[in-house]
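These notes concern the structure reproduced below.
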Amino acid sequence: MQLNPEQQAAVDHRGSPLLVLAGAGTGKTRVITHRVAKLLEQGVPAWRILAVTFTNKAAGEMRERIHQMCSDIPEADRLWVGTFHSICARILRRYGEAVGLSRNFVIYDTDDQTRIMKRVLKELNIDDRQLSPRAVLSHLDRAKNRGLPISRLEQLHLDEPVGSLSKKAGLRYEKLVRAADAADFGDLLVLAVELLANAGQGAPGAQLADLDPAIGLKRRFLHVVVDEYQDTNPVQARLIELLSERAQLVVVGDDDQAIYGWRGADVAQILDFPKHHPGCELIRLE
């Protein structure tokens with residue numbers, strides 16, 4: 001099936017940031033896969049291309065389509081294709097020692113988080129009828145989605161005493177989780193952003209590559225493509241900015257639909273993209 005003129009323009013665009021606005025049924029997935037395939041065909045090394053989406057299913061389908069289109073390019077399997085969380089976990093497995101994680105750290109699920117928080121509230125003599133583990137974890141998740149450390153939880157403007165108790169419990173929770181060489185799903189994003197933001201911030205005059213191997217991540221990618229950009233929250237948007245410092249950034253999304261509001265999605269991320277990326281080109285798929 002041939003691409004229409006707008007789809008082809010999005011595939012071929014080079015040289016500046018690109019915002020592709022695409023509603024349901026306009027072929028945005030085809031644009032992304034064709035764009036990545038064309039980059040590979042033009043000789044861009046697979047390991048210098050990053051494609052990010054929101055679900056494992058979408059990432060798997062994207063990877064499979066690209067491999068089918070580029071079956072004659074042996075290194076296509078070196079593409080970085082994944083969800084925000086899987087990309088962050090991959091980064092932290094390699095470089096997480098700088099933020100307190102070993103290469104074999106454990107990722108806590110909801111049950112693990114609840115178990116630890118129940119222990120914390122008991123240690124702090126906080127009655128769970130006054131403040132439940134689920135409520136505290138929800139506040140911590142909101143903060144992490146906004147890229148806020150627990151030490152600045154007051155910026156959520158929670159009612160008292162919920163705010164101060166949540167902060168106290170959150171700081172203790174964080175210590176216990178990190179002491180267990182673990183991270184929860186929100187931590188994956190926050191810690192990866194912290195790692196990248198601090199990369200290369202060492203002693204003046206030192207060799208950056210020797211000082212901080214994570215600095216290479218900010219130079220690694222030449223092309224970054226993000227799907228469903230309207231569903232990003234501030235910490236996810238910050239992650240993309242850090243990974244695309246030297247890359248051409250292409251984001252694809254529907255400005256009329258933000259379905260992950262409960263994850264802290266901020267539709268302003270896509271509406272304000274041209275404002276934050278001078279020279280950005282806009283293509284609308286119909």
Side-chain angles (χ1 to χ4, degrees), residues 1-73 75-84 86-87 221-232 236-237 239-241 243-244 246-260 265 267-286:
M1 187 183 298
Q2 287 189 331
L3 301 175
N4 65 34
E6 290 77 20
Q7 292 170 336
Q8 191 67 56
V11 168
D12 294 338
H13 177 79
R14 303 287 186 271
S16 67
L18 174 64
L19 170 60
V20 180
L21 295 180
T26 57
K28 62 184 180 65
T29 303
R30 293 183 64 231
V31 164
I32 293 171
T33 54
H34 277 73
R35 180 178 176 83
V36 172
K38 188 159 187 176
L39 289 169
L40 290 171
E41 291 168 0
Q42 291 175 337
V44 178
W47 60 275
R48 308 206 72 173
I49 301 172
L50 170 65
V52 188
T53 189
F54 271 85
T55 67
N56 290 320
K57 180 181 178 182
E61 291 176 352
M62 191 181 297
R63 190 181 298 110
E64 184 177 347
R65 288 196 200 184
I66 293 168
H67 285 172
Q68 287 175 351
M69 297 169 67
C70 301
S71 56
D72 57 337
I73 301 177
E75 70 152 15
D77 58 357
R78 297 187 67 195
L79 282 167
W80 279 47
V81 180
T83 64
F84 282 94
S86 69
I87 294 296
F221 300 110
L222 297 177
H223 294 271
V224 174
V225 184
V226 186
D227 192 15
E228 305 291 3
Y229 193 74
Q230 79 280 352
D231 293 328
T232 54
Q236 290 166 332
L239 175 75
I240 294 302
E241 295 300 325
L243 289 173
S244 62
R246 298 197 176 188
Q248 181 176 338
L249 175 59
V250 176
V251 302
V252 182
D254 184 352
D255 54 338
D256 290 330
Q257 181 183 23
I259 64 173
Y260 287 113
V267 74
Q269 304 292 349
I270 194 168
L271 297 178
D272 293 341
F273 186 84
K275 183 193 306 180
H276 298 309
H277 298 82
C280 171
E281 183 156 334
L282 169 64
I283 295 175
R284 187 179 291 275
L285 303 185
E286 303 293 350

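Treat the numbers as computed from the prediction; the structure is a model and nothing was measured.
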[X] (side chain) donor-acceptor with [Y] (main chain) under 3.5 angstrom:
X    : Y    : answer
Q230 : I270 : no
T83  : S86  : yes
Q7   : T26  : yes
R65  : T33  : no
Q248 : S16  : yes

Euclidean distance, [Y] [atom2] relative to [X] [atom1], rounded to 0.5 Å:
X   : Y    : atom1 : atom2 : result
I66 : S71  : CD1   : OG    : 13.0 Å
L50 : H223 : CG    : NE2   : 12.0 Å
E64 : H67  : CD    : NE2   : 10.0 Å

Measure across [X] and [Y] and return the closest heavy-atom pair with its distance rounded to 0.1 Å.
X    : Y    : value
F54  : E228 : CE1-O, 3.2 Å
W80  : I87  : CE3-CD1, 4.1 Å
T53  : A59  : CG2-N, 3.5 Å
W47  : F221 : O-CE2, 3.7 Å
A46  : A76  : CB-CA, 4.1 Å
D254 : A22  : CB-O, 3.4 Å

Does a side-chain heavy-atom distance below 4.5 Å link [X] with [Y]?
X    : Y    : answer
V20  : K28  : no
V11  : L3   : yes
E241 : L249 : yes
L40  : L79  : yes

* To do: Tell me, please, which residues at least two apart from F273 pass ring-ring contact (aromatic ring centres under 6.0 Å, His included).
  =>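 Scan of F273 (ring-ring contact (aromatic ring centres under 6.0 Å, His included), adjacent residues dropped) gives Y229, H277.
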* Check the pair H34 / Q8 against side-chain contact (heavy atoms from CB on, under 4.5 Å), numbers first and verdict last. => CA-CA 9 Å; H34 277 73; Q8 191 67 56; over 6 Å; no
* More than 12 foreign heavy atoms under 6.0 Å from CG of N56: is that the case here? ->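 No, the 6.0 Å shell around CG holds no more than 12 heavy atoms from other groups.
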Would you be so kind as to tabulate the donor-acceptor pairs closer than 3.5 Å made by side chains of residues 278-286, with sequence neighbours excluded?
none

* So which pairs with a foot in residues 11-22 pass salt bridge (charged side-chain N to carboxylate O under 4.0 Å, His left out), sequence neighbours left out? ->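 Only D12-K38 qualify under salt bridge (charged side-chain N to carboxylate O under 4.0 Å, His left out).
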